[in-house]
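Report on the structure given below.
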Amino acid sequence: MAVKDLSIEFCGIRCENPFFLASSPISSNYEMVSRALDAGWGGLVFKTVGFFVANEVSPRFDQLKKEGRSFIGFKNLEQTSEKGLEENLLEMEKIKRDFPDKILIASIMGQSEEEWNQLAKLMTGVGVDIIECNFSCPQMADNKLGADVGQNPELVKSYTEAVVAGTDLPVLAKMTPNLGSMIPPALAAIEGGARGLAAINTIKSITSVDIEKMAPAPVINGKSSVSGYSGKAIKPIALRFIYELASYPDLYNVPVSGIGGIETWQDALEFILLGARNVQVGTAVMQYGYRIIEDMISGLSYYLASNGFESLEKLLGLALDNIVSADKLDRNFILYPEIDQKKCIGCGRCYISCRDGGHQAISWSKVRQPVVIEEKCVGCHLCNHVCPSGAIKTGKMVFKKDLDLKEDII
């Protein structure tokens, strides 16, 4: 099957595909970026630059694994670029010179309106395509930097205005998830002149505590800090924020770049279905390398072709109308689980979970076979989610009125 055209417009600029490297160690120099772009990535967000030069710690990472597999959650103490601004400008200039058809987004971070404005002018002079304002890095110690700025709509607006005043390029505001609602700072950014939004950045976290050293990981000379959490584990949180941005009336038609836990083309598609026009990938590359772009391109291309979609534009936001408030969900029926005894391995997981965490609706026979007790079953499907062998699936639907039950009302 021929590869479908995956191009999509973002902030008035055509992108050959929606897959971008996120601002992180994976996009911090020409040598790395050139290999990624040769592999097929549509563009990148260069690691955040500014007048501040980071002095990093060692070690700087921690992770959460599931049963010895690749990590599902990743903590980092990375700050902005460790290189000087002049060196970074030369690197970006070289990237744009050698890859003119790829999209180069410069991530910047200042400590005052003057710095933000000057950085915008410098990025424009280098020839980048878009400027992303990093209002969201969670491990910057100064309250004029990173996530502390992103929680302050007044600062977001004034810094965005300073950037917009220094460039004729599209400006993105990168939002922090370390707040209850992203809407106030997002609106402030748009009022300040931003053309689009990027969400989410990493989440403030403590991933683990070393019980011998009595300090959180990673332990640096006996100490550690709260810092950013990324990886597959944050995708549900990222999707929630993307939905809220894309569905908020005053943010309709504002382009959104989706970030957070994207590892596969299916992950990327979920962000697109909730309104993201492109996606930024970071932690997955740190695990699997730039080569994952091959699967992302081929998988999304196959999905378009096999489902009859002519372009990514046709998929944009298709899932938004199917998200409603909890009081509007249909509560008139029960979907019973169905157990395939041929697939059942007799482990008892469904029985134990239902007995201790559900509605005691599974009986356990002497021959180690679980049986659903329909009189007690409420159709929660906890059993389905704990079954390790795929023996439990959705079975018959029964309307509550036929069971002579009172309809649940919120």
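Numbering starts at 1 and runs along the sequence shown.
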Check: [Y] and [X] side chains under 4.5 Å, non-hydrogen atoms:
| X | Y | value |
| --- | --- | --- |
| Met109 | Val149 | no |
| Arg355 | Trp364 | no |
| Ile131 | Thr124 | yes |
| Leu315 | Leu304 | yes |
| Glu113 | Ser158 | yes |
| Phe51 | Gln111 | no |
| Cys383 | Cys354 | no |

Residue pair Thr80, Thr48: steps toward the side-chain hydrogen bond (donor to acceptor under 3.5 Å, both in side chains) verdict: CA-CA 5 Å; Thr80 56; Thr48 302; over 6 Å; no
If you draw a 6.0 Å radius around [atom1] in [X], do more than 12 non-hydrogen atoms from other residues or ligands fall strictly inside?
| X | atom1 | result |
| --- | --- | --- |
| Glu338 | CD | yes |
| Ile211 | CD1 | no |
| Glu294 | CD | no |
| Glu86 | CD | no |
| Asn253 | CG | no |
| Arg291 | CZ | no |
| Glu154 | CD | no |

To the nearest 0.5 Å, what is the distance between [atom1] on [X] and [atom2] on [Y]?
| X | Y | atom1 | atom2 | value |
| --- | --- | --- | --- | --- |
| Ser58 | Ile220 | OG | CD1 | 8.0 Å |
| Tyr351 | Asp356 | OH | CG | 8.5 Å |
| Leu172 | Leu197 | CG | CG | 7.5 Å |
| Ile190 | Arg195 | CD1 | CZ | 10.0 Å |
| Leu44 | Met32 | CG | CE | 11.0 Å |
| Lys75 | Asp62 | NZ | CG | 6.5 Å |

Apply ring-ring contact (aromatic ring centres under 6.0 Å, His included) to Phe135 and Trp116, showing your working. CA-CA 11 Å; Phe135 296 141; Trp116 284 101; 5.2 Å; yes
[X] side chain to [Y] backbone, donor-acceptor under 3.5 Å:
| X | Y | answer |
| --- | --- | --- |
| Asn307 | Phe309 | no |
| Lys400 | Arg331 | yes |
| Glu78 | Arg60 | no |
| Asp340 | Ala391 | no |
| Thr167 | Lys121 | no |
| Lys102 | Trp41 | yes |
| Tyr290 | Ile26 | yes |
| Gln151 | Leu179 | no |
| Ser205 | Ser227 | yes |
| Asp267 | Glu263 | yes |

Can you name the nearest heavy-atom pair linking [X] to [Y], along with the distance?
| X | Y | value |
| --- | --- | --- |
| Ser353 | Leu382 | O-CD2, 3.5 Å |
| Ala188 | Pro153 | CB-O, 3.3 Å |
| Pro18 | Leu300 | CG-CD2, 4.1 Å |
| Pro59 | Val219 | CD-O, 3.8 Å |
| Met175 | Pro185 | SD-C, 4.0 Å |
| Pro236 | Lys232 | CD-O, 4.0 Å |

Worked check of side-chain hydrogen bond (donor to acceptor under 3.5 Å, both in side chains) between Glu132 and Gln280: CA-CA 12 Å; Glu132 181 181 271; Gln280 299 181 30; 3.2 Å; yes
Ser230 and side-chain hydrogen bond (donor to acceptor under 3.5 Å, both in side chains): which single residue from Asn201, Thr283, Thr202 fits? Thr283
Could you label the plane-to-plane angle of the Tyr30 and Phe99 rings as parallel, tilted or perpendicular, counting under 30° as parallel and over 60° as perpendicular? tilted
Single hit among Leu245, Leu239, Ile237 for side-chain contact (heavy atoms from CB on, under 4.5 Å) with Ile200: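 One option only clears the test, and that one is Ile237.
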Are any of the side-chain nitrogens in Arg277 or Glu9 under 4.0 Å away from the carboxylate oxygens of its partner?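 So Arg277 pairs with Glu9 through a salt bridge.
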Hey, is Glu91 close enough to Lys47 for a salt bridge, meaning N to O under 4.0 Å? no
Is there any side chain to side chain donor-acceptor pair (under 3.5 Å) pair reaching into residues 240-251, and which pairs are they, with sequence neighbours excluded? Arg240-Glu244
